[in-house]
Number of protein chains: 2
Amino acid sequence: MPTETFFNLSEAKQKRIFEAAVKEFAARRYSEASINQIVKEAQISRGSFYQYFNGKEDLYLYVLTEIGKEKMAIALPRQLPEDADFFSVYLSMVRDIVAWTRKRPLYTRIGMLMELDDSEFIAKLTSRFPDTWAGLRALLERDKKLGRIRPDVNSDLVIQILYNQNLHFQKTLFRQGNLDDMLPQVEELIKVLKEGIALV
Amino acid sequence: MPTETFFNLSEAKQKRIFEAAVKEFAARRYSEASINQIVKEAQISRGSFYQYFNGKEDLYLYVLTEIGKEKMAIALPRQLPEDADFFSVYLSMVRDIVAWTRKRPLYTRIGMLMELDDSEFIAKLTSRFPDTWAGLRALLERDKKLGRIRPDVNSDLVIQILYNQNLHFQKTLFRQGNLDDMLPQVEELIKVLKEGIALV
DNA sequence: GTGTCATATGACAAGGTTGTCACATTGTTT
DNA sequence: AAACAATGTGACAACCTTGTCATATGACAC
């Protein structure tokens with residue numbers, strides 16, 4: 001939570017600071033991000049920064065919640081049929097991610113770097129936040145009961161595969177930067193996961 | 001390549017330095033590892049260190065090649081039938097990793113942290129070294145031709161899944177530390193990959 | 001003992017980081 | 001205008017990092 005004086009600032013200045021922070025947190029992971037860099041970019045003095053935020057953690061939390069707000073505002077409108085199967089929902093989820101990345105590339109970059117950071121603070125953070133993937137897991141369980149998924153498969157493992165591949169796609173995406181490659185790859189992944197790769 | 005004076009040192013001292021380096025590189029990723037920490041642990045002076053090595057890169061390369069030597073010496077003895085199928089080879093590979101991790105936990109930890117580091121130097125390093133996983137990929141291709149694997153699956157994707165899951169297993173392993181959980185999880189992964197999860 | 005060479009040392013410079021604080025500059029209210 | 005509050009500022013201390021270098025210490029030869 002930023003201090004009150006921060007919120008007294010003009011919208012423009014708040015935005016300038018926010019965007020400088022986003023830029024830095026998308027360039028370096030949290031533990032390596034530099035406040036010096038941010039204040040330079042935002043064109044405020046070091047002293048001012050500490051009048052707005054308690055420190056790096058405070059700023060990071062603020063950036064994360066702001067991003068979360070915008071994400072929520074966008075994510076709500078989409079609707080899927082109640083009985084959509086696991087794979088369809090997952091695919092739609094990936095489409096959302098792609099769209100989101102198109103619109104706000106730096107935001108997903110921050111999320112990615114967060115996954116790669118293993119500092120104390122980030123560990124605490126990620127453990128507290130409820131997973132997006134937990135919902136997907138529930139869906140998988142439901143589809144098991146509906147007879148769509150083999151009941152003996154390990155749900156956690158499947159979700160983990162999707163999660164890890166997703167992270168991997170994003171990582172390569174930011175090295176090479178072809179967002180269009182992602183969807184076909186995910187479709188391929190779904191196919192492998194659905195049907196397996198062995199010949200009967 | 002360490003300097004000649006390093007190799008003139010007594011075995012014991014060389015070992016002390018090597019082990020201090022291993023300890024540090026297993027605790028922090030390369031970009032965050034501190035030479036100060038290493039010289040303190042090895043009980044040599046800062047000046048001496050720079051008489052042995054050019055710098056951090058030099059030391060890291062030395063540690064990596066030393067580990068590589070020991071790994072080679074162990075990996076060679078194992079043999080598998082010439083026509084062993086892809087999954088068997090993979091499983092045997094995982095068994096090797098588990099055994100290796102049991103014997104030298106810090107070594108695999110270094111490998112893991114290397115994957116998570118995205119510094120310039122590490123990027124150069126990983127791109128140059130030939131992948132262990134390339135061999136596995138070739139095996140998959142072979143099994144396609146032998147009619148064991150569906151010819152239309154994307155080999156790269158499959159290898160990537162295995163690679164990412166492997167990394168993930170190792171990561172969780174070092175957070176919780178139950179090495180015995182790994183093999184069953186890998187067996188589960190193989191099953192999912194083989195047969196798929198959808199009901200026909 | 002003296003000379004020579006290899007090795008050991010820690011202070012040092014130069015760069016980075018964070019957080020603080022006395023002070024300057026605005027703005028607002030009386 | 002004068003007083004008071006709010007905000008802006010950059011120098012500063014304290015703590016890191018790396019790489020260098022003049023000097024000290026040891027060992028061996030003559």
Side-chain angles (χ1 to χ4, degrees), chain A residues 1-21 23-63 113 117-122 124, chain B residues 1-21 23-63 113 117-122 124:
Chain A
M1 48 317 272
T3 179
E4 198 188 320
T5 80
F6 173 76
F7 290 113
N8 290 341
L9 261 40
S10 74
E11 287 275 327
K13 194 165 190 176
Q14 286 184 37
K15 197 178 165 198
R16 221 170 63 222
I17 295 169
F18 173 75
E19 279 171 357
K23 190 174 171 188
E24 177 68 5
F25 286 133
R28 315 176 138 65
R29 32 169 161 251
Y30 172 79
S31 29
E32 281 165 351
S34 154
I35 291 179
N36 272 345
Q37 202 56 42
I38 294 170
V39 301
K40 202 195 295 173
E41 175 79 21
Q43 298 182 56
I44 60 174
S45 74
R46 202 170 167 66
S48 290
F49 173 81
Y50 282 95
Q51 216 143 14
Y52 307 150
F53 300 94
N54 266 332
K56 200 160 51 153
E57 293 198 3
D58 198 14
L59 173 64
Y60 193 69
L61 245 32
Y62 170 67
V63 166
L113 288 181
D117 199 306
D118 50 1
S119 68
E120 199 69 15
F121 171 62
I122 294 293
K124 230 183 276 178
Chain B
M1 46 322 269
T3 181
E4 198 188 320
T5 77
F6 172 76
F7 291 114
N8 290 341
L9 261 39
S10 72
E11 287 275 328
K13 195 165 189 176
Q14 286 186 36
K15 197 178 165 198
R16 221 171 63 222
I17 295 169
F18 173 75
E19 279 171 357
K23 190 174 170 186
E24 177 68 5
F25 286 133
R28 314 175 139 66
R29 29 172 165 249
Y30 172 79
S31 29
E32 283 166 349
S34 155
I35 293 180
N36 272 346
Q37 202 56 44
I38 294 170
V39 300
K40 202 196 294 174
E41 175 79 21
Q43 298 182 57
I44 61 173
S45 74
R46 204 170 163 65
S48 289
F49 174 81
Y50 282 95
Q51 216 143 15
Y52 306 151
F53 301 93
N54 267 333
K56 201 160 50 154
E57 293 197 4
D58 198 14
L59 173 64
Y60 193 68
L61 244 34
Y62 171 67
V63 166
L113 288 181
D117 199 305
D118 48 1
S119 68
E120 199 70 15
F121 171 63
I122 294 292
K124 228 183 280 177

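So that the names make sense, note that chain A is the first sequence line, chain B the second, and so on, each numbered from 1.
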From CA spacing to verdict: side chain to side chain contact (heavy atoms under 4.5 Å, CB included), B:Ile122, B:Tyr60: CA-CA 10 Å; B:Ile122 294 292; B:Tyr60 193 68; 3.5 Å; yes

Is there a donor-acceptor pair closer than 3.5 Å between any side-chain N or O of [X] and the backbone N or O of [Y]?
X: A:Asn54; Y: A:Pro2; value: no
X: B:Arg16; Y: B:Ala42; value: yes
X: A:Tyr30; Y: A:Glu57; value: yes

Sugar-phosphate only, base, or nothing, as touched by A:Asn36 at under 4.0 Å among non-hydrogen atoms: base

Sugar-phosphate, base or nothing in reach of B:Ser48, heavy atoms under 4.0 Å: base

Identify all side-chain donor-acceptor contacts of residues 3-10 of chain A below 3.5 Å with residues at least two apart in sequence or on another chain.
| from | atom 1 | to | atom 2 | distance (Å) |
| --- | --- | --- | --- | --- |
| A:Thr5 | OG1 | A:Gln51 | O | 3.1 |
| A:Ser10 | OG | A:Lys13 | N | 3.1 |

Summary of side-chain hydrogen bond (donor to acceptor under 3.5 Å, both in side chains) pairs that have at least one residue in residues 34-44 of chain B, sequence neighbours excluded: B:Lys23-B:Glu41, B:Asn36-B:Arg46

Would you tabulate the nitrogen or oxygen pairs shorter than 3.5 Å linking the protein to nucleotides 25-29 of chain C?
none

Once you round it to whole Å, what is the distance between [atom2] of [N] and [atom1] of [X]?
X: A:Phe49; N: C:dT17; atom1: CZ; atom2: C1'; result: 13 Å
X: A:Leu59; N: C:dG19; atom1: CG; atom2: P; result: 11 Å
X: A:Phe53; N: C:dT20; atom1: CZ; atom2: P; result: 16 Å
X: B:Tyr50; N: C:dA11; atom1: OH; atom2: P; result: 17 Å

Global bending angle along the helix from C:dG1-D:dC30 to C:dT30-D:dA1, which compares the axes of five pairs at either end, to 10 degrees: 30°

Separation between [atom1] of [X] and [atom2] of [Y], rounded to the nearest 0.5 Å:
X: A:Phe25; Y: A:Leu59; atom1: CZ; atom2: CG; answer: 4.5 Å
X: B:Glu19; Y: B:Ile38; atom1: CD; atom2: CD1; answer: 13.0 Å
X: B:Ser119; Y: B:Lys124; atom1: OG; atom2: NZ; answer: 10.0 Å

Close side-chain approach of B:Ile35 and B:Phe49, heavy atoms under 4.5 Å: yes

Any side-chain heavy-atom pair of B:Ser31 and B:Glu120 under 4.5 Å: no

Heavy-atom closest pair, residues B:Glu24 and B:Ala33: OE2-CA, 3.5 Å

Where chain A begins and ends its contact with DNA chain D, read 5' to 3' at 4.0 Å from heavy atoms: D:dT7 to D:dG10

Positions of residues 38-47 of chain A (non-hydrogen atom under 4.0 Å from DNA chain D), listed by number: A:Ser45, A:Gly47

Parallel, tilted or perpendicular: ring planes of A:Phe53 versus A:Tyr62, cut at 30 and 60 degrees: tilted

